[in-house]
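Report on the following structure.
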Number of protein chains: 2
Amino acid sequence: MAETTRPEPRYGNRPTMKDVAARAGVGLKTVSRVVNGEPGVTPETERRVREAIEALGFRRNDSARVLRKGRTATIGLVLEDLADPFYGQLSRAVEEVARAHGTLLINGSSAEDPGREQELALTLCARRVDGLIVIPAGDDHRYLEPEIRAGVATVFADRPAGLIEADAVLSDSFGGAREGVAHLIAHGHRRIGFIGDRPRIHTAAERLRGYRAAMDDAGLPVDERWVAPGSTDPERVAAAVAGMLSGPEPVTALFAGNNRVTVTAVRVLAERTDRGGPPPVALVGFDDIELGDVLGVTVIAQDPAAVGRTAAQQLFRRLDGAAEAPRQVVIGTRLLARGSGELPPSSR
Amino acid sequence: MAETTRPEPRYGNRPTMKDVAARAGVGLKTVSRVVNGEPGVTPETERRVREAIEALGFRRNDSARVLRKGRTATIGLVLEDLADPFYGQLSRAVEEVARAHGTLLINGSSAEDPGREQELALTLCARRVDGLIVIPAGDDHRYLEPEIRAGVATVFADRPAGLIEADAVLSDSFGGAREGVAHLIAHGHRRIGFIGDRPRIHTAAERLRGYRAAMDDAGLPVDERWVAPGSTDPERVAAAVAGMLSGPEPVTALFAGNNRVTVTAVRVLAERTDRGGPPPVALVGFDDIELGDVLGVTVIAQDPAAVGRTAAQQLFRRLDGAAEAPRQVVIGTRLLARGSGELPPSSR
DNA sequence: CCCCTCGGGGACAACGTTGTCCAGGCTCTA
DNA sequence: TAGAGCCTGGACAACGTTGTCCCCGAGGGG
């Protein structure tokens, strides 16, 4: 027994090209030629090889292929939570672009945990993805520097990179929020509440900045009790809404900083109305929600598919060798007026 | 120049263990020992190796590792459309189980195209995933037989496998639909419409069967004009709804066969009501939708996360060597009464 | 003081594929 | 008919890692 290694079940003992070659009575390289559609094989030989492949149920081992060729034809996408429709659509758009380039996509969720983001991104690098699209959870991406230097094309989406220079594709959070709040002001509101995600998150900070800019543009003061940045946890959001609507000078309108906040706000406001309670409160949300049209919720709509598509296209441009300086692309937002944002201030 | 091959940029010339070994002044295997936390390395040597790793930005090449070890620590998930919240949640649940097992998940969308399902599944097999979870788009999975025989653990989710024996985790489509339709009957409806997905899809057929069973249980006849299986395309669904609500004997209630149909139905019915039109129509949908509570839509709720989690757990049981006969697990559904399903029949 | 043991470290082969190079047989032409 | 290609097919090395085996040096006991 000269046999040495053989560690485990070994892919359940799959046939290799060598086995196919033996069965077809040809050389190893000839099988490789057939499998890869390379020229230089007689039809008769090819037939024999294909027969053997069929009979043995052979399938080429891509790990070995990758090792030899140096390219994996794979890109990675690190996102926040696949169960969030926003990221689902974004991911899907990336997948389609990848597919068009004959490339496989691996996506994973960071669950908004910077540590997990890093772990995931580096795992993907160890698998030697050709490129990486990252939707940041953290705000320090220096850990990616060695990878980028080693040739992993990297594009950030939805939020910019932290502490490194890199391509990024973003939605216009600042402009969108400013427009949404201005819309409320145009409909007569003066006391407007802002409920957003943690300001450590770039988009959340930008939206808050847009809110303040719109108020400032109109010469309106901002009472800090109207501003509630923090987690998107439904309980926290519900409490914030309740807080802003109580007291001597309640807000007459709300701006919700993202789709999860909007959903909770809609729910809370609906309960309030069901109880035959106080007059309705105007609402504009950042990012569209499903059935928003039916519910009559006015939103600043982002285009997650466009963000994903654009990021993927930029990534493939880099993979094709584009070497310009890193650039930021901003995807515009659209105000969809559906009723909730056009309510006049209640008379108290 | 004895150098021969060197095909392409080669991962951008990443350092290998050999480079690390050279820099640290140790043997190749010693680096491997450090990287894998194997015993038999002096602290001093380990320190030198780690320093070299850091300095060079070395990261182990998992392709080579996989080739050598024979296990990829990767599973694949073939689903229909990642942008659909149902699959997003399912995928996320699978991801969490995989993560707990130190395994990476690769998911891809078949776009409901059987050809794409097969292409994707076989691509994943070529990458030597250890296991595969498939949400079928097609109804013939014999193409997977060689893979399964070769040792790829395979579990089907949401829909059973076609023409092969395999584990499957399903929602109770038949029972759920039957319960939903019975609910409408209990609220006085006699003419109930069914709008579902293409009956080639197993779950769609089961739900239609559940509809018929409930009608039959109550001794009610089914007019074939009330039954509209087909695509979930909004236009088709809208037309079907319109058709059922017109004519001399319109239906007084609708059962929607899945979340996409429900969404369109809600939208169409809302428009009808906005126009101050005819009396409301009762609606029960299969599968929950976002904000269904706010909208007051009665649904038969599935638990996509439970389906995904259960399928993943079964997969890992197989990977751990479980060898019982293939088995089907059925996850129950829950009726959530929220108003739309409790409306009485309109008096015309 | 010598031998034996033990433990750290290194040489080597092998995983399955693909790129290079060459051998042999064929055809075509001078 | 012989020489010059051309076409088919195969031998071999290399990709980066890990498993096996062995060597060498230090330390302890006889």
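In what follows, every chain begins at residue 1, and chains take the letters A, B, ... in the order their sequences are listed.
Between the CZ atom of B:Arg127 and the P atom of C:dG16 there is a distance of 18 Å, given to the nearest Å. Atom C1' of nucleotide D:dC15 and atom CG of B:Asp19 are separated by 13 Å, given to the nearest angstrom. Atom CG in B:Leu67 sits roughly 12 Å away from atom P in C:dT18 (whole-Å rounding). Distance, B:Met17 CE to C:dG9 P: 16 Å, rounded to whole Å. For the pair A:Lys18 NZ and D:dG9 P, the interatomic distance rounds to 21 Å; values are reported in whole Å. Atom CG in A:Asp62 sits roughly 19 Å away from atom P in C:dC15 (whole-Å rounding). For the pair B:Arg59 CZ and D:dG16 P, the computed distance is 16 Å after rounding to whole Å. Whole-Å rounding puts the B:Asn61 CG to D:dG16 P distance at 7 Å.
A salt bridge links B:Arg60 to B:Asp62: at least one charged side-chain nitrogen sits closer than 4.0 Å to a carboxylate oxygen. In this structure, A:Glu51 pairs ionically with A:Arg47, as a charged nitrogen and a carboxylate oxygen lie closer than 4.0 Å.
Counted by atom type alone, B:Thr72 and B:Asp130 present one or more donor-acceptor pairs between their side chains at under 3.5 Å. Side-chain polar atoms of A:Glu80 and A:Ser110 form no donor-acceptor pair below 3.5 angstrom. Side-chain contact, A:Arg65 with A:Asn36: a donor N or O sits under 3.5 Å from an acceptor N or O. Between A:Arg317 and A:Gln314, the side chains place a donor N or O and an acceptor N or O closer than 3.5 Å (distance only, hydrogens not considered). Between the side chains of A:Tyr143 and A:Glu117, at least one donor-acceptor pair of N or O atoms lies under 3.5 Å.
In this structure, B:His141 and B:Phe156 have perpendicular ring planes: the angle between them is above 60°, well past the 30° mark.
Dashed line: the shortest gap from a side-chain N or O of A:Thr45 to OP1 or OP2 of D:dG9 is under 4.0 Å. Taking side-chain N and O atoms only, A:Thr16 has no distance below 4.0 Å to OP1 or OP2 of C:dC15. Taking only side-chain nitrogens and oxygens, B:Arg60 comes nearer than 4.0 Å to OP1 or OP2 of D:dT18.
Near DNA chain D, meaning a heavy atom under 4.0 Å from it, residues 20-33 of chain B has B:Leu28, B:Lys29, B:Ser32 in order of number. Remark: A:Asn36, A:Glu38 in residues 34-43 of chain A come within less than 4.0 Å of DNA chain C through at least one heavy atom.
The closest side-chain heavy-atom distance from A:Val78 to A:Ile135 is not below 4.5 Å.
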